[in-house]
Protein chains: 2
Amino acid sequence: MKRPGRKAATDRSFVVALSRGLDVLRAFRPNDGLLGNQEIAARTNLPKPTVSRLTYTLTKLGYLTPVPRFEKYQLAPSAMSLGYAALANLGVRHLSESYRDEVMRETGGAVAVGGRDRLSMIYFGQSRSGLTIGVQLDVGSRIPIATTAMGRAYIWALPDDERASLLRELREHYGSRWPRMRDGIERSGETVARHGFAISAGEWQDDVAAVGVALKLNDGTGPYAFNCGAPAFRFTEDRLRSDIGPRLVAMVRSIEAALGTVAPQSKKEENKKIKAGGKVARMVERIK
Amino acid sequence: MKRPGRKAATDRSFVVALSRGLDVLRAFRPNDGLLGNQEIAARTNLPKPTVSRLTYTLTKLGYLTPVPRFEKYQLAPSAMSLGYAALANLGVRHLSESYRDEVMRETGGAVAVGGRDRLSMIYFGQSRSGLTIGVQLDVGSRIPIATTAMGRAYIWALPDDERASLLRELREHYGSRWPRMRDGIERSGETVARHGFAISAGEWQDDVAAVGVALKLNDGTGPYAFNCGAPAFRFTEDRLRSDIGPRLVAMVRSIEAALGTVAPQSKKEENKKIKAGGKVARMVERIK
DNA sequence: GAATTTAGTTTCGCACTGCGGAATTAACAA
DNA sequence: TTGTTAATTCCGCAGTGCGAAACTAAATTC
């Protein structure tokens with residue numbers, strides 16, 4: 001008999017213990033700092049002894065710190081270092097910095113790049129001036145995909161099939177709130193098609209207005225997306241359309257040019273890509 | 001027969017698969033961005049099929065992205081979000097920000113807080129002005145424990161037994177280079193005892209000079225450490241001793257006061273702590 | 001100060017996972 | 001073609017990782 005609570009028994013390459021351990025780490029969300037085994041068990045739906053073993057392992061490895069005073073655990077610095085290795089390797093982050101700074105200075109808005117994690121976009125980097133008060137987002141911050149300019153730009157940069165499955169996930173997640181969100185997403189689909197940027201004015205936080213533009217890479221990763229936002233009184237919807245949006249589009253196009261993302265650079269590369277087709281297809285299929 | 005490559009078979013609570021999966025993630029270091037299964041296998045000393053399964057699992061979970069173009073993997077945004085949750089929960093980071101800023105302005109040096117991961121210190125947060133060129137360290141950056149001011153301050157804030165075992169690890173790690181490092185560490189032990197700060201002038205990077213001061217918490221986590229550094233021509237050894245060092249010590253004492261780290265706050269807490277003794281001891285013992 | 005509640009740990013037998021040596025497939029290079 | 005290098009698939013089985021239930025230990029209630 002199959003034990004309860006397992007993933008599909010058929011997938012012999014999926015390492016359940018690893019998945020569960022990472023779920024335990026993810027149970028720690030910003031601002032609830034300390035968690036006991038009990039709470040972790042509740043959040044992850046894992047039985048207590050299993051959680052006990054996983055926290056024990058994670059502690060030994062240095063990803064969790066016990067806080068004896070409260071008999072709870074806290075994420076440790078090691079957990080951080082995982083993430084920041086990721087950051088350092090995201091070329092877009094570094095390469096786009098000067099472009100972001102420039103647009104920030106020109107527009108007075110905060111400019112950021114991010115990528116997707118589940119149903120959120122995560123900030124890789126951002127340019128803020130002392131002026132851009134209000135929005136206090138840092139590297140690593142999450143914003144929802146469905147209601148933000150960055151997220152919507154991302155959605156419309158996805159290949160059709162991936163977009164479809166993302167939208168399905170969003171629908172499930174949001175339940176009754178979905179129709180309103182879908183409308184916003186569809187509207188931005190139009191602005192993306194027509195002008196290259198998505199808009200969200202007051203749809204995420206009612207005093208924040210922003211535009212978003214996606215960046216596609218040709219290495220199979222991404223897409224990523226940029227935004228430029230400010231308090232609503234500073235970025236009127238008109239200004240977003242006529243000034244900020246086009247500017248951000250221009251910025252991203254420049255970055256694309258700098259990255260040479262348009263097409264494989266050489267005959268050889270082109271060749272490689274075609275030949276790799278079979279293998280890649282299998283790879284993607286399996287991951288799907 | 002025991003299979004090769006396993007941890008001590010006796011520890012029934014240690015989840016090997018989780019440990020290995022995290023090792024795979026850690027195999028990605030800043031600036032070598034893409035790794036294939038082969039390279040991961042080499043770095044982690046795991047057999048190829050095992051790596052295959054782990055990368056498959058991590059990819060499915062969204063921690064790795066396949067880069068089909070090169071048939072390799074890259075750390076994905078999800079990996080980052082783990083680390084960020086850690087950051088957001090480190091009260092010291094946020095609470096110390098204004099203090100750090102002030103010292104940065106007063107001294108012209110970059111001021112940072114960090115904690116330990118293995119044999120490195122990791123930056124949680126830092127204050128840099130436009131003036132502090134040269135040192136380009138970001139949140140998440142690693143610097144060695146043995147040769148930096150931050151690391152040395154940390155070492156001398158550890159309880160004796162933990163310090164001893166850390167020093168042992170360092171000795172093993174550095175081999176023939178150890179004696180020189182030990183000298184530096186010992187020297188800073190004296191300055192810490194006498195003045196409260198550690199110095200590293202040109203011992204990490206020969207054009208960087210810094211002081212470090214540790215912060216002990218009474219919740220059982222940490223310790224953490226602060227540094228204040230600048231190009232060597234700006235911070236002469238004399239100035240470190242007479243000006244920067246004392247200033248950083250004063251800063252950390254203020255932060256400690258603000259955190260109320262000196263003793264348990266209430267009779268009830270005190271009580272709790274004592275009663276918890278037995279359980280805590282067991283916990284620590286097991287983790288040791 | 002006994003009874004209850006709440007949180008975490010230990011036990012233990014065994015089902016099934018995760019393992020890894022060896023074979024296989026695939027993409028290139030010569 | 002043949003050789004080389006890298007990744008995946010096979011597959012039998014050792015032993016890991018599992019989780020229900022029992023247990024311990026604090027904190028709380030009455």
Side-chain angles (χ1 to χ4, degrees), chain A residues 1-21 34-42 44-57 59 66 68-73 268-269 271-283 285-287, chain B residues 1-21 34-42 44-57 59 66 68-73 268-269 271-283 285-287:
Chain A
M1 219 249 277
K2 194 161 79 82
R3 287 187 223 171
R6 293 289 168 90
K7 287 258 171 169
T10 55
D11 192 347
R12 302 254 294 129
S13 336
F14 190 84
V15 179
V16 179
L18 172 55
S19 170
R20 291 176 163 188
L34 303 175
L35 289 180
N37 282 342
Q38 176 85 339
E39 288 150 288
I40 297 173
T44 55
N45 293 314
L46 295 172
K48 285 193 299 172
T50 299
V51 171
S52 229
R53 257 174 285 136
L54 294 174
T55 52
Y56 170 67
T57 305
T59 305
R69 178 86 165 277
F70 302 109
E71 298 255 12
K72 306 211 163 177
Y73 298 95
K268 191 179 162 195
E269 282 296 314
N271 207 6
K272 179 171 184 173
K273 194 178 172 187
I274 291 166
K275 282 193 179 171
K279 198 164 184 182
V280 167
R282 257 192 300 111
M283 191 174 200
E285 173 57 25
R286 209 179 63 165
I287 283 152
Chain B
M1 220 251 279
K2 193 160 81 78
R3 287 188 224 171
R6 292 290 169 90
K7 288 258 173 172
T10 55
D11 191 346
R12 302 256 291 128
S13 336
F14 189 84
V15 179
V16 179
L18 172 54
S19 170
R20 291 175 163 189
L34 304 174
L35 288 181
N37 282 342
Q38 176 82 341
E39 287 148 289
I40 296 172
T44 55
N45 291 314
L46 294 172
K48 286 192 299 173
T50 299
V51 171
S52 229
R53 258 173 286 137
L54 294 173
T55 51
Y56 170 68
T57 305
T59 304
R69 179 88 164 275
F70 303 110
E71 298 254 12
K72 305 210 162 176
Y73 297 96
K268 191 179 163 196
E269 284 294 315
N271 210 6
K272 179 170 183 173
K273 194 178 171 186
I274 291 166
K275 283 193 178 170
K279 199 163 183 183
V280 168
R282 257 192 300 112
M283 193 176 198
E285 173 58 26
R286 208 180 63 164
I287 284 153

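Protein chains get the first letters and strands the later ones, always in sequence-line order, with residue 1 at the start of each. Excluded from the calculations below are hydrogen atoms, water molecules and symmetry mates; all remaining heavy atoms, backbone and side chain alike, are included.
- Here C:dC19 presents its P atom at 15 Å from OH of B:Tyr56, a figure rounded to the nearest Å.
- Taking the side chain as every heavy atom from C-beta outward, B:Val15 and A:Arg53 approach each other to under 4.5 Å.
- Residue-level contact check: B:Pro49 touches the bases, meaning some heavy atom is under 4.0 Å from a base atom.
- We find the OH-OG1 distance between A:Tyr73 and A:Thr59 to be 4.5 Å, quoted to the nearest 0.5 Å.
- Rounded to whole Å, the distance from CD on A:Glu39 to P on C:dT6 is 14 Å.
- Checking C:dA7, D:dT8, D:dG17 against the side-chain heavy atoms of B:Asn37 singles out D:dT8 as nearest.
- Protein atom CD1 of B:Ile40 is 17 Å distant from nucleotide atom C1' of C:dG20, rounded to whole Å.
- Summarising the geometry of A:Ala41 relative to A:Lys48, their closest heavy-atom pair is CB-CG, 4.4 Å, with the distance given to 0.1 Å.
- The separation between B:Lys72 atom NZ and D:dA6 atom P is 9 Å, rounded to whole Å.
- Looking at the side chain of B:Ala17, the nearest of the listed nucleotides D:dG17, C:dG8, C:dG20 is D:dG17.
- A:Tyr73 has its OH atom 10 Å from the C1' atom of C:dT9, to the nearest Å.
- Taking side-chain N and O atoms only, B:Arg20 has a distance below 4.0 Å to OP1 or OP2 of C:dG20.
- Remark: C1' of C:dG18 and CZ of A:Phe14 are 13 Å apart, rounded to the nearest angstrom.
- Taking only side-chain atoms of A:Lys48, from C-beta outward, the nucleotide of D:dA7, C:dG8, D:dC18 with the closest atom is C:dG8.
- Ranking D:dC18, C:dC19, D:dA7 by closeness to the A:Arg53 side chain, first place goes to D:dC18.
- Regarding contacts with the backbone of C:dT9, a side-chain N or O of A:Ser52 is found under 4.0 angstrom from either OP1 or OP2.
- Listed nucleotides: C:dG18, D:dT8, D:dG17. Nearest to the side chain of B:Val15: D:dG17.
- What separates CG of B:Leu18 from P of C:dC19 is a distance of 11 Å, to the nearest Å.
- A:Thr44 places a side-chain N or O within donor-acceptor distance of the main-chain N or O of A:Ile40, the cut-off being under 3.5 Å.
- Across all non-hydrogen atoms, the minimal contact from A:Glu39 to A:Leu34 is OE2-O, 4.3 Å.
- Following rounding to the nearest Å, B:Leu46 (CG) and D:dA7 (P) show an atom-to-atom distance of 14 Å.
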